[in-house]
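Each remark here refers to the structure printed beneath this line.
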Amino acid sequence: MVDPDRDTVEREHTTIVETGGDRGGGGVLAVVLLIIAVLVLLFLFRDQLGFGSETTEVKVPDSINVNVN
């Protein structure tokens, strides 16, 4: 028995993929990744760049002996 509510005719289906619109998403992602990469490199090389030391220790002698001839 054929259901009267169902359509028995086959139809072609079309899928629409929108490729336009917001094109700035890739650029924003590239900038964010670049900033993260720079921060990671700064963290890794902080000692060589002079940012890694917690304290700077300067030793000053209590007295200086000067001999004048």
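Computed from a predicted structure; not experimentally measured. Only heavy atoms go into these numbers, but all of them, side chains included; no hydrogens, no water, no symmetry mates.
Cluster partners of L39, by chain and number: V31, I35. The rule joins Ile, Leu, Val, Met, Phe, Trp and Tyr whenever side-chain heavy atoms lie under 4.5 Å apart. Residue V58 shares its hydrophobic cluster (ILVMFWY side chains chained together at separations under 4.5 Å) with V60.
Under a hydrophobic-cluster definition in which Ile, Leu, Val, Met, Phe, Trp and Tyr are linked whenever side-chain heavy atoms come within less than 4.5 Å, directly or via other members, L41 and I36 are assigned to the same cluster.
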